[in-house]
Amino acid sequence: MRLSRYFLPTLKENPAEAQIPSHRLMLRAGMVRQTAAGIYAWLPLGLAVLRKIEAIVRDEQRRAGAIELLMPTLQSADLWRQSGRYDAYGPEMLRIKDRHERDMLFGPTNEEMITEIFKGAVKSYRDLPRNLFHIQWKFRDEIRPRFGVMRGREFLMKDGYSFDIDVEGARRAYRKMFVAYLRSFERMGLKAIPMAADTGPIGGDMSHEFIILAETGESAVFCHRDLVDMPVPGDDLDYEGDLTPVIDARTTLYAATDEKHDAARFAAEVPADKQLSARGIEVGHIFFFGTKYSEAMGCVIAGSDGKEVPAQMGSYGIGVSRLVGAIIEASHDEAGIVWPEAVAPFRVGLINLKSGDAETDAACEDLYAKLAALGIDTLYDDTDERAGAKFSNMDLIGLPWQLVVGPRGLKSGTVELKNRASGERVELSPEAALAKIAS
RNA sequence: CGGGGCGUAGCGCAGCCUGGUAGCGCAUCUGCUUUGGGAGCAGAGGGUCGCAAGUUCGAAUCUUGCCGCCCCGACCA
């Protein structure tokens, strides 16, 4: 993409309303614009990141055997009356009337709808297990939206729902998602720590929040330090194999958010030098809730004995739009964002230090074409801004590689390659620079 | 919802106390000079001062009501 034809409205100064780094940087880097409290328009650069995250989530869900569908944002109130949640949900649910005065709502989540869809289609244990997910915009009328996309009212969420004939099956489904979540966050360059979460009336050990550590996190967290860098299963992982060792390794070490924190247990179980108290951002939440919805909505399945039982269900959420902010919180410096490669909106920023200079232009065009041929997403700054402004802007938007081309280097046949994360700069021949980027 | 704060040009702000018809920096446009880490000079354009009512000869400024936004708290992907 040529910057001269792109839409990238960056800001030199910090907008007054933005308090935390991710919010500030997303506004300054031209990723989002706020249109109302907690509601954001995603500009091209922000959308590019959102799509990258979405793609990783989708890929890992598929690997774990989940099937994608897409449910609507608007739902009928009747559906929610069946589960009893229409009254229970409270003012956080945005209620709407259509022209016929029918009660509608903008979905804050989809348990009712997926259960309704599922029960009409599946009657036999032979068709289980199934895990269905979608990635769709949600609306929750938060009391206090804040921190940009981290706590918006409208947000993009991956929500998945598993259906099993019995509790043991549901446990397997839960373990798959547990591991899929570890892999998803790992691929985004995040260190996510699963922490026991409140299971409500169901009880048991089947609810975890996935927390990433960041100073500006909304909740205080306490855990064993070894959890931070614990290795995550690689691509050779077999989801049909035994996943319990992966999970046990994490659940046996202490990890809790402040609601579940037990200071005495923390002190007793975790050696002093391993005690980590920090702040965290919740980026995912998995939950087993048994027959809560299947019973209320009549989603019954015939077992091998011919008896009908309500499906055992779980739900699995990832805050996709929140992750954009969370990744920035975890990865930025004074100059701007530092994107992990996997979610960067472009892999390379090609900087033409002297647009209009025939040799420099030609060298840039050549590199730009070669990068495209290699399938490498490149943002080519072909504008006639001054060098300093181009450097600052490129640092701000945080692309992993900056390829700097100017007359001075070209004289000796070199370009400069800068790694945004390490700050390391090397002078290389154009070919060597391409090879390094492609590797 | 309770507490605090803010709303003046695209962004950041001053002016308000003590009413007299709007200003600064950045950005934008034109020209010249510059050009490897957010240039300099000269000129130009851009504002329903959040909205409404009131007080007044006169309101960005005073009064009242409303709207919007931000921060702190209780809740959440």
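Note on naming: letters A, B, ... go to the chains in the order of the sequence lines (proteins, then strands), and numbering restarts at 1 for each one.
Within the 4.0 angstrom heavy-atom criterion, only backbone atoms of the sugar-phosphate kind lie near A:Ala36; the bases stay farther away. Within 4.0 Å of A:Ile318, counting heavy atoms only, lie sugar-phosphate atoms of the nucleic acid but no base atom. A:Gly152 comes within 4.0 angstrom of a nucleotide base, judged by non-hydrogen atoms across all strands.
In terms of position along RNA chain B, the nucleotide closest to A:Asn14 lies nearer the 5' end than the nucleotide closest to the other residue of the pair A:Asn14 and A:Ala18. Along RNA chain B, the nucleotide nearest A:Pro15 and the nucleotide nearest A:Gly319 are compared for position; the residue whose nucleotide lies closer to the 5' end is A:Pro15.
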Its contact letters, B for base, S for sugar-phosphate only and - for none at protein heavy atoms under 4.0 Å, make nucleotides 22-42 of chain B read ---BSS------B-BBBB---
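Rounded to a whole Å, the CD atom of A:Glu111 is 12 Å from the C1' atom of B:A77. Per the geometry, CD1 belonging to A:Ile211 stands 11 Å off C1' belonging to B:A77, to the nearest Å. Between the P atom of B:A77 and the CD atom of A:Glu142 lies a distance of 9 Å, rounded to the nearest Å. Distance, A:Met188 CE to B:A77 C1': 13 Å, rounded to whole Å. B:A77 atom P lies 19 Å from atom CD1 of A:Ile327, rounded to whole Å. Atom CZ of A:Arg144 and atom C1' of B:G3 are 11 Å apart (whole Å). When the P atom of B:G73 is taken as reference, atom CD of A:Gln19 falls 13 Å away, rounded to whole Å. Between the P atom of B:C70 and the CZ atom of A:Phe147 lies a distance of 11 Å, rounded to the nearest Å.
Rounded to whole Å, the separation between the C1' atoms of B:A27 and B:G10 comes to 7 Å. Remark: the separation of the C1' atoms in B:G7 and B:C29 is 29 Å, to the nearest Å. Comparing B:U61 with B:C17, their C1' atoms are spaced 9 Å from each other, to the whole Å. B:A59 and B:A52: their P atoms are spaced 14 Å apart (whole Å). As rounded to the nearest Å, B:C24 and B:C62 have C1' atoms that lie 26 Å from one another. To the nearest whole angstrom, the two C1' atoms, one in B:G46 and one in B:U28, are 9 Å apart. When the C1' atom is used for both B:C26 and B:U63, the distance is 36 Å, rounded to whole Å. Atom name P, nucleotides B:C41 and B:G15: the rounded distance is 26 Å, in whole Å.
In this structure, of B:C75, B:C72, B:C13, it is B:C13 that holds the atom nearest to the side chain of A:Ala16. Here B:G12 is the nucleotide among B:C76, B:C72, B:G12 with the atom lying nearest to any side-chain atom of A:Glu17.
Under a 4.0 Å N-O distance rule, the pair A:Glu154/A:Lys138 does not qualify as a salt bridge. A salt bridge is absent between A:Asp377 and A:Arg347: the closest approach of a Lys/Arg side-chain nitrogen to an acidic carboxylate oxygen does not fall below 4.0 angstrom. Ion pairing between a basic and an acidic side chain is recognised when a charged N comes within 4.0 Å of a carboxylate O; A:Glu111 and A:Lys292 show no such pairing.
B:C29 is paired with B:G43 under the Watson-Crick or G-U wobble criterion, all donor-acceptor distances under 3.5 Å. Under the Watson-Crick or G-U wobble criterion, with both distances below 3.5 Å, B:A74 is left unpaired in every strand shown. In this structure, B:C49 makes no Watson-Crick or G-U wobble pair, since no nucleotide meets both defining distances under 3.5 angstrom. Base pairing analysis places B:G37 opposite nothing; no Watson-Crick or G-U wobble pair with both distances below 3.5 Å involves it. Of the nucleotides present, B:C67 is the one that pairs with B:G7 by Watson-Crick or G-U wobble criteria, both distances under 3.5 Å. Pairing for B:C57 goes to B:G20, judged as Watson-Crick or G-U wobble with the two contacts each under 3.5 Å.
There is no side-chain donor-acceptor pair under 3.5 Å between A:Tyr181 and A:His208. With 3.5 Å as the limit, one finds no donor-acceptor pair spanning the side chains of A:His332 and A:Ser22. No donor-acceptor contact under 3.5 angstrom links the side chains of A:Tyr161 and A:His134, judged on distance only.
Within a 6.0 Å sphere centred on CG of A:Asp384, other residues, nucleotides and ligands contribute 12 heavy atoms or fewer.
Put simply, the side chain of A:Lys191 never gets that close to the backbone of A:Phe185: no donor and acceptor are under 3.5 Å apart.
Contact annotation: A:Gln34 side-chain N/O to B:C70 OP1/OP2 distance is under 4.0 Å.
Pairs of residues two or more places apart, or lying in two chains, never qualify as salt bridge (Lys or Arg N to Asp or Glu O under 4.0 Å) while including a residue from residues 26-46 of chain A.
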